[in-house]
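Note sheet for the following structure.
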Amino acid sequence: MTEQNLKAVDIARMTGATKGSVSQWLNGISSPGGKYIVSLTKALHCDANWLFSGIAAAPRNTHALSPSHESTQPTTKLIPVISHEMAFIWGKDSDYSSLGKDVLWEHGPSSVSLQAFWLEVVGDSMISPNGPSIGEGHLILVDPQLPAKNDCLVVAKFNNTHDITFKKLIIDAGQMYLKPLNPDYRPIEFNEHCQIIGVVIEAKYLF
């Protein structure tokens, strides 16, 4: 920000945020909401991916919005909540900047890749009568860059039906299955039409 001779009042004017909000961003007290992301990238002339990976939980100094390799690594960052339709076409090379300005954003760990996204769970197939359950309304954090291993939770898609599903990956004797946690649902055999979108590493419920 200093390289562009921008002050807090300039950022407020260019984004439509209040000066108080910008001050909190700069001091690491809060992070910009999703509606300010596009205008911030334009104001700061920075890549959207850098902004998402470095803007949240920034160190408490006036350089929080400046790209700096010397700053403290943030522990969280803003990650988009995308639709099931968008998740179907999302890949390892997808870019946040293509999502537009009407996307919701939620905080997640900064350690995830730049392709990670939140996805809302639909249905009750992952509600277990014993142990952890992840039911409808939960948000799951999906990282397409992580390798899918036996017993991990994944989001997969079916290219022949354009459906996506959230299940537990089971690899047994060389065969792969997508297993629901709810015993009322049957496992799905992994076939040539099925493709893993990403590995689920976190879930949360917003009240």
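We use all heavy atoms of the structure for the numbers below, so side chains are in, but hydrogens, waters and symmetry mates are not. Source: prediction; values computed, not measured.
Counting only distance, with no hydrogens or angles, the side chain of Gln145 and the backbone of Lys92 share a donor-acceptor pair below 3.5 Å. A donor-acceptor pair under 3.5 Å is absent between the side-chain atoms of Tyr205 and the main chain of Glu136, judged by distance alone. No donor-acceptor pair under 3.5 Å is formed between the side chain of Thr76 and the backbone N or O of Ser110. In this structure, the side chain of Lys157 engages the main chain of Phe88 through a donor-acceptor pair within 3.5 Å.
Contact check for Met126 versus Asn182: no side-chain heavy atoms found under the 4.5 Å cut-off. Two residues are said to be in side-chain contact when any heavy atoms from C-beta on lie closer than 4.5 Å; Met176 and Ile196 meet this criterion. Between Leu114 and Lys77 there is a side-chain heavy-atom pair separated by less than 4.5 Å. Side-chain contact check for Pro109 versus Leu141: some heavy-atom pair is nearer than 4.5 Å. You'll find the side chain of Leu78 stays beyond 4.5 Å of the side chain of Glu106, heavy atoms only. Using a 4.5 Å cut-off on side-chain heavy atoms (C-beta onward), Val81 and Val103 make no contact. Side chains of His138 and Glu120 form no contact here, defined as non-hydrogen atoms less than 4.5 Å apart.
Ile127 and Leu181 are assigned to two separate hydrophobic clusters, defined by single-linkage of ILVMFWY side chains at heavy-atom distances under 4.5 Å. When the side chains of ILVMFWY residues are joined at heavy-atom separations under 4.5 Å, either directly or via intervening members, Val122 and Ile134 end up in two distinct hydrophobic clusters. Following chains of ILVMFWY side-chain contacts shorter than 4.5 Å, one cannot reach Phe158 starting from Tyr185, and the two form parts of different hydrophobic clusters. Grouping the Ile, Leu, Val, Met, Phe, Trp and Tyr side chains by contacts below 4.5 angstrom, directly or via other members, places Tyr177 apart from Ile197.
At a cut-off of 3.5 Å, with distance as the only test, a side-chain donor of Thr161 or Asp163 sits close to an acceptor on the other residue. Between the side chains of Asp143 and Ser113, at least one donor N or O lies within less than 3.5 Å of an accepting N or O.
Of all heavy-atom pairs spanning Cys194 and Ala156, the tightest one is SG-CB, 4.0 Å. Residue Ile79 comes nearest to Gly108 through the heavy atom pair CD1-CA, 3.7 Å, listed as atom of the first residue, atom of the second, then distance. Considering every non-hydrogen atom in both Ser128 and Pro132, the closest pair reads CB-O, 3.6 Å.
Expressed to the nearest 0.5 Å, how far CD1 of Ile188 lies from CD1 of Ile170 amounts to 12.5 Å. Expressed to the nearest 0.5 Å, how far NZ of Lys179 lies from OG of Ser125 amounts to 13.0 Å. Atom CH2 of Trp105 is separated from atom CH2 of Trp118 by 13.5 Å, given to the nearest 0.5 angstrom. Between the CD1 atom in Ile89 and the OG atom in Ser98 there is a gap of 8.0 Å [rounded to 0.5 Å]. Rounded to the nearest 0.5 Å, atoms CD1 (Ile164) and CE (Met86) are 12.0 Å apart. From Asp95, atom CG reaches atom CH2 of Trp90 across 7.0 Å, with rounding to the nearest 0.5 Å.
When Val200, Leu169, Leu146 are each tested for a side-chain contact (heavy atoms from CB on, under 4.5 Å) with Val154, only one passes: Leu169. If you run side-chain contact (heavy atoms from CB on, under 4.5 Å) between Phe166 and each of Val142, Leu178, Ile140, only Ile140 comes through.
The neighbour count for Lys19 NZ, taken as heavy atoms of other residues, nucleotides or ligands under 6.0 Å away, does not exceed 12. The number of heavy atoms from other shown groups lying within 6.0 Å of CG (Asp93) does not exceed 12.
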Should Leu119 and Leu139 be marked as a side-chain contact (heavy atoms from CB on, under 4.5 Å) after you check the CA-CA gap, both sets of side-chain angles, and the distance that decides it? CA-CA 5 Å; Leu119 186 71; Leu139 290 180; over 6 Å; no

